[in-house]
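The next block holds one structure in the form of structure tokens; read it before the comments.
A, B, ... follow the sequence lines: proteins, then strands. Residue 1 opens every chain.
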Amino acid sequence: MDVLMLSAEQNTPFNYFPIALQLVIAVGFVVVMMLVSHLLGPKRKTEDKLINFESGIPSVGNARQPMGIKYFLVAILFVLFDVEVIFFYPYAVNFKYLGKEGFLEVVLFVAFFLCGFIYIVKRGALEWED
Amino acid sequence: MSLFLEISFSAMANGLHNWLAGSISNATLVSVTEMAIAGVSLLLFLVPLCFFLGYMERKVAAFMQIRLGPNRVGPKGTLQIVADTVKLLFKEGLTPNASDKFLFNLAPIIVVVTSMLAMAPIAFAKNFQIWDINIGVLYVSAISSLAVIGILMAGWSSYNKYSLLGAMRSGAQIVSYELSVGLSLISIVILTGSLRMSDIVASQADGWWIIKGHIPVIISFVIFLIASTAEINRAPFDLAEAEQELTAGFHTEYSGMKFAMFLLAEYINLFIVSAIAATLFLGGWMPFHLGNWSFFNNVMDYIPGSLWFMGKTFLIIFIIMQFRWTFPRLRVDQLLTLEWKYLLPISMVNVIIVTMMAIFGWHL
């Protein structure tokens, strides 16, 4: 179990400090670039320039339209399956300690998910042609 | 180890550390300064990298279509991208009247910052890594999936039908393909038993996983290549910005530097994906060794680790660039069918096979 203890010991907030610094530098870089471009570029704003692009014809209707439900369905299915992928990570790191019993349990877990997957396919949730 | 490694990046990093520790007495201040230097040098590395990738993309495209590509600005056209960047810097950055102005300007920042943050745990050479964290692989996949928020934000706030459609497609596509990317990364995590990048590279000292891991690892490498090409919105999966149907997809309304930021993020993501593939499957900075051929192995050892890493990364970048000119673009239903009905079941079963391989010790 020494791997587990080692990782617990090293998980101090200071370990994540480099990424905070990296975040500050990255945000700083992007903001500075956009500011420089804002200062250097011309500012001749006209009414025609600021309307939304619609291939040169006058804009028709509203762009805040309801979208196809399929996109949201995919997003919800993603949440379910991504949880499965996330559950795999702790298993993947520790599977040697969990041995064959742990492996059987993971096979069971995947089998349950495959059942759910087959159900989704049979219900036609992944059919995009109406 | 050898003369070349003495002047390598890791030696430079060590020298810098010793020099800083000599001149600054406070230990915390030394490490903070080091981190700041690492962050700034990452920036200094990224900008030329993106210039080079932009140049390379245009040259690869040109060679695949039997034309010359950029050849006017600078020797062999190498300064073309610099000229383009300067042009974009001096352009007017427009924010359309109907758009949600705050989100419109926030979106490019989120997209670039997430891609820059995901660079942190990548191991460029031995002991040369900005951030060697024990959750490296998980961190990269977590951060890179944040980019979809920026893309959805850009598409929605533009108040443009093309942008909205592009963003919705992109959202569905990125989240779907993330599953396969995650599962193919897990197969290497299982074989290595660690999420730390340096451990993963160290585990390949006696052979790269793509050679040691037999067919299951080759399958997950191929799945990783396909799924990550889709995740970074590159052709043939560039539905989010399909020019012929959606003008420019989610960044139709962007101009000037904000548009350049999306391009920058695209190239950084391309590099990250290839670097992860090189680290996990092709041994990172580990040289190529052939069994007991000690002479051959010694010659390979003389090539610095950073060159190995860059060579492998650019090989994969080259392959991904070739995809663009080799395959036609998929339709959105074909795209989701490919992921949900083929790649996802295959990679799920593949993970189980890899686990069995690791338990029974079938790999080399």
From CA spacing to verdict: side chain to side chain contact (heavy atoms under 4.5 Å, CB included), Val175(B), Val79(A): CA-CA 9 Å; Val175(B) 296; Val79(A) 173; over 6 Å; no
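Only the side chain of Met261(B) comes within contact range of chain A, judged by heavy atoms closer than 4.5 Å. Heavy atoms of Leu89(B) lying under 4.5 Å from chain A belong to its backbone as well as its side chain. Proximity to chain A is absent for every atom of Gln334(B), based on heavy atoms less than 4.5 angstrom apart. Leu344(B) touches chain A through its side chain: at least one heavy atom from C-beta onward sits under 4.5 Å away, while N, CA, C and O do not. Of the atoms belonging to Leu264(B), it is side-chain heavy atoms, and not backbone ones, that fall under 4.5 Å from chain A. Neither the backbone nor the side chain of Met119(B) comes within less than 4.5 Å of any heavy atom of chain A. For Val354(B), no part lies near chain A; criterion is any non-hydrogen pair under 4.5 Å. Only the backbone of Thr95(B) comes within less than 4.5 Å of a heavy atom of chain A; no side-chain atom from C-beta onward does. Heavy atoms of Val47(B) lying under 4.5 Å from chain A belong exclusively to its side chain. Only the backbone of Ser158(B) comes within less than 4.5 Å of a heavy atom of chain A; no side-chain atom from C-beta onward does. Only the side chain of Leu42(B) has a heavy atom closer than 4.5 Å to any heavy atom of chain A.
In this structure, Ser37(A) OG and Lys258(B) NZ are separated by 8.0 Å, a value rounded to the nearest 0.5 Å. One finds the CG atom of Leu23(A) at 11.5 Å from the CE atom of Met116(B) (value rounded to the nearest 0.5 Å). To the nearest 0.5 angstrom, Glu92(B) atom CD is 7.0 Å from Arg44(A) atom CZ. Considering CD1 of Ile25(A) and OG of Ser41(B), their distance stands at 8.5 Å, rounded to 0.5 Å. Summarising the geometry, atom CZ belonging to Phe87(A) is positioned 12.0 Å from atom CD1 belonging to Ile186(B); distances are rounded to the nearest 0.5 Å.
Side-chain contact check for Val121(A) versus Trp340(B): every heavy-atom pair is 4.5 Å or farther apart. The shortest side-chain heavy-atom distance between Ser176(B) and Phe78(A) does not fall under the 4.5 Å cut-off. Taking the side chain as every heavy atom from C-beta outward, Thr355(B) and Val107(A) never approach each other to under 4.5 Å. Taking 4.5 Å as the limit, every side-chain heavy atom of Gln173(B) sits out of range of all side-chain heavy atoms of Tyr71(A). Using a 4.5 Å heavy-atom cutoff, the side chains of Phe81(A) and Met348(B) are in contact. Between Tyr89(A) and Ile135(B), the closest side-chain pair of non-hydrogen atoms is not below 4.5 Å.
When the heavy atoms of residues 26-35 of chain A are compared with those of chain B, the residues falling under 4.5 Å are Ala26(A), Val27(A), Phe29(A), Val30(A), Val31(A), Met33(A), Met34(A), listed by number.
Counting heavy-atom pairs under 4.5 Å between each of Leu195(B), Val189(B), Asn160(B) and chain A puts Asn160(B) at the top. The greatest number of non-hydrogen atom pairs below 4.5 Å with chain A, out of Phe90(B), Tyr162(B), Tyr139(B), Trp156(B), is found for Trp156(B). Comparing Leu73(A), Leu40(A), Val110(A), Ile19(A) by how many heavy-atom pairs each has under 4.5 Å with chain B, the most go to Ile19(A). For the set Ile109(B), Leu43(B), Thr252(B), the count of heavy-atom pairs under 4.5 angstrom toward chain A peaks at Leu43(B).
Here Lys91(B) pairs with nothing under the salt bridge (Lys or Arg N to Asp or Glu O under 4.0 Å) rule; sequence neighbours left out. Partners of Lys341(B) under the salt bridge (Lys or Arg N to Asp or Glu O under 4.0 Å) rule, at least two apart in sequence or in another chain, are Glu127(A). Every residue was checked against the salt bridge (Lys or Arg N to Asp or Glu O under 4.0 Å) condition with Asp82(A), not counting sequence neighbours, and none meets it.
Open room surrounds NZ on Lys122(A); 12 or fewer heavy atoms of other groups in view lie less than 6.0 Å from it. No more than 12 heavy atoms of other residues, nucleotides or ligands sit less than 6.0 Å from atom OH of Tyr342(B).
Between the Gln22(A) side chain and the Ala120(B) main chain, no donor and acceptor come within less than 3.5 Å of each other.
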